[in-house]
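In this text the structure is predicted, and so the values were computed from the model without any measurement. Residue numbers start from 1 in every chain, and the chains themselves are labelled A, B, ... in the order their sequence lines are given, proteins ahead of strands.
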Amino acid sequence: MSSNVPLDKLQVKVEISKNKTENVPALHPRWVQKIQFLKYHAPPLDVGDRGQCEEWGDRLKFIEEDLHWALQLPHDKFWCQIVFDETFITLIDSYLRYAPRTHDVLIELPADTKSRHDEVHRLMFMTCLRMATHKESKEHHITPSVFGDILYENFLFDVPKLLDLCVLYGQGNSQLLHKMIENVFTNQPKYNDDLHSTIPTILQVFDNIRAKCGLADGSGLTPKKLTKPSQELSELGTMSMADFQDVVFYLADTGTTLACFLDVYPPACGLFHKEDFVHQLAILYESVIPEVVSTIKKRTFDSHSHKMLLRQKTQEAKSSLLKVVHLIVNTCCIQPILENVGAEDRVEDLIHLFTSMLNERRFLADFESHHRFENYQDILLQAPIEIDEMRLQYIQDAISSAFTTHGRRRKPTGGTKRG
Amino acid sequence: MSNLPRLTGAIRAFSGLSASPEHATGIQQSDLQQKRHLVAEKQSNSQSWNTLCTQIRKEVDASGSDIKAALKDLSYCARNIVGQEASLETVEGAAAFLFGLFKTATMDTVSSKEANKLRNIFGPFPASAASKACAIVRKIVSWMPEDAALLMDNQMREEAEGEASVKEFGQNIKFSCLMASAEYLSSSESDSDEANHRDLDL
């Protein structure tokens with residue numbers, strides 16, 4: 001089917017009886033083929049269970065074949081299938097939900113199954129790329145505004161799916177992913193509203209994590225009973241090991257997902273910045289991360305490897321949460337200052353932001369070890385505007401003090417000289 | 001792994017921005033069974049089973065009752081392989097598939113290659129049913145003159161031709177399949193995805 005008419009306006013002549021034809025939209029349920037796409041299931045936990053593994057492998061094989069089939073469909077047929085076949089979008093949704101993330105602990109799959117899973121991973125990305133493309137070629141395209149409505153009204157994309165896409169594919173495919181997401185947000189501004197209304201949910205997640213850890217009051221204003229710290233067992237120390245592991249994994253996933261999304265799609269940083277997100281994240285970090293680190297030291301684990309795993313996940317949580325802060329600060333304050341776009345307001349923003357976080361001393365110490373405030377300061381001082389250096393120095397002093405008390409230098413990455 | 005706590009799981013559950021808050025996983029094993037039936041049906045639809053039966057009746061040098069019994073037995077084996085709850089179309093499709101699979105077999109036992117093909121389409125199956133089907137098909141083929149068997153083989157081959165020229169979306173797009181690395185978050189990321197983006201207007 002080749003014409004310059006957009007798919008949403010394209011009509012196809014169909015013979016309904018002898019000498020009688022009627023026009024049917026090219027984008028119509030009647031063109032859907034019965035495929036019955038299977039839902040994706042996460043890899044089995046026990047590779048020793050041959051039956052379970054074989055069944056999972058069979059599922060993967062069908063998914064692979066069906067995705068190849070869908071990607072080979074002509075433009076119009078692909079869109080009919082994705083819009084009108086619920087099983088297709090359910091497959092995509094289930095993959096984005098349950099596919100192992102780069103930060104997940106993976107079981108060792110047999111080589112042939114691993115290679116099939118990699119292929120499904122690629123095919124899924126291409127399917128999402130095709131879904132995010134309104135103009136596949138000169139002949140095959142959809143009117144941009146209609147394209148935006150199709151995506152939104154049929155839930156082809158939603159905010160959680162976009163976050164999942166970034167965490168699954170951001171590493172190594174970020175440029176293409178950026179274009180995809182930008183195209184989705186550009187053609188359907190409602191996604192911006194949705195992202196905006198997602199932020200309170202994420203902040204609620206922060207509250208839930210604190211509550212789960214018995215650290216619900218993050219303000220530090222409530223007086224605490226004085227006990228010897230070494231004798232005190234926090235809620236993190238008394239909860240079941242499975243619950244404790246969930247807290248650590250949840251923190252790591254939250255940090256990684258947000259960091260990947262904001263890294264791939266920096267325009268979203270502005271929405272987070274407006275909602276005082278960085279300050280709230282610093283409060284979460286301050287109250288939960290040191291407790292988690294201390295609990296890992298104190299708790300008794302079944303095996304050393306389990307302890308190491310949780311330490312590694314905590315490290316991931318720390319790095320990624322700090323990266324989220326850096327990305328927001330960099331996109332919303334540093335870059336505009338460098339580009340001299342509303343620089344005075346952005347400087348004020350930055351100073352206000354760091355001033356609001358001066359109580360979160362452990363957070364500041366860790367942040368300093370990953371992203372030095374001095375580097376931000378250097379940029380600020382080069383800006384062609386007047387800056388109250390005293391205020392900057394005040395922040396720098398507070399961070400240095402926090403770092404002296406709680407900080408740890410990063411290991412040098414280059415060669416070191418002795419003597 | 002499907003129970004791992006995820007931020008996006010919480011957003012799906014509490015933000016009201018997704019189509020459905022939660023899909024149950026692990027409890028719908030039957031979708032795999034249904035899919036197998038559907039694929040078996042498509043491999044060879046009921047029309048082609050009927051055509052196959054007609055052709056066999058025409059070509060085979062054996063009594064009508066023997067042919068009828070053999071085809072009935074083959075159909076019975078197919079039912080054992082696809083499952084008792086499968087529809088008639090699925091069973092007939094599977095029977096036609098079995099005929100196609102075993103018509104060139106040289107022994108009454110199922111080879112590992114044939115067993116793999118069966119398992120790929122039908123999932124786990126009773127080996128006795130497959131062996132019996134193999135023996136029945138060999139018996140039917142032995143009743144046929146050689147040129148008739150050859151003709152049927154060519155017809156099936158022609159149907160499968162023409163697939164190589166199909167173009168697939170994304171086949172020229174560079175994709176990086178990087179997996180787990182805990183270091184990447186803290187290190188500076190080098191995005192080596194200067195992809196060949198073709199003329200996609202994103």
- Message: I'd like to check the side chain to side chain donor-acceptor pair (under 3.5 Å) partners of A:Thr198; sequence neighbours left out, ordered by chain and number.
- Response: none
With only heavy atoms counted, which part of [X] is less than 4.5 Å from chain B, the side chain, the backbone, both or neither?
{"X": "A:Ile35", "answer": "both"}
{"X": "A:Asn154", "answer": "neither"}
{"X": "A:His75", "answer": "neither"}
{"X": "A:Tyr169", "answer": "side chain"}
{"X": "A:Tyr250", "answer": "both"}
{"X": "A:Lys34", "answer": "both"}

Suppose we call two aromatic rings close when their centres sit under 6.0 Å apart. Are [X] and [Y] close by that rule?
{"X": "A:Tyr152", "Y": "A:Tyr191", "result": "yes"}
{"X": "A:Trp79", "Y": "A:His134", "result": "no"}
{"X": "A:Phe62", "Y": "A:Phe37", "result": "no"}

- Item | Which residues share a side-chain contact (heavy atoms from CB on, under 4.5 Å) with B:Lys68, sequence neighbours left out | none
- Message: Under a 3.5 Å distance rule, please check whether B:Ser111 uses its side chain to pair with a backbone N or O of B:Glu114 as donor and acceptor.
- Response: yes
- Query: Does B:Leu38 reach the side chain of B:Gln34, with side-chain heavy atoms less than 4.5 Å apart?
  - Reply: no
Top of [options] for chain B proximity - count of heavy-atom pairs under 4.5 angstrom:
{"options": "A:Gln204, A:Glu65, A:Lys61", "answer": "A:Lys61"}
{"options": "A:Ile202, A:Asp164, A:Ile89", "answer": "A:Asp164"}
{"options": "A:Asn208, A:Val247, A:Thr201", "answer": "A:Thr201"}

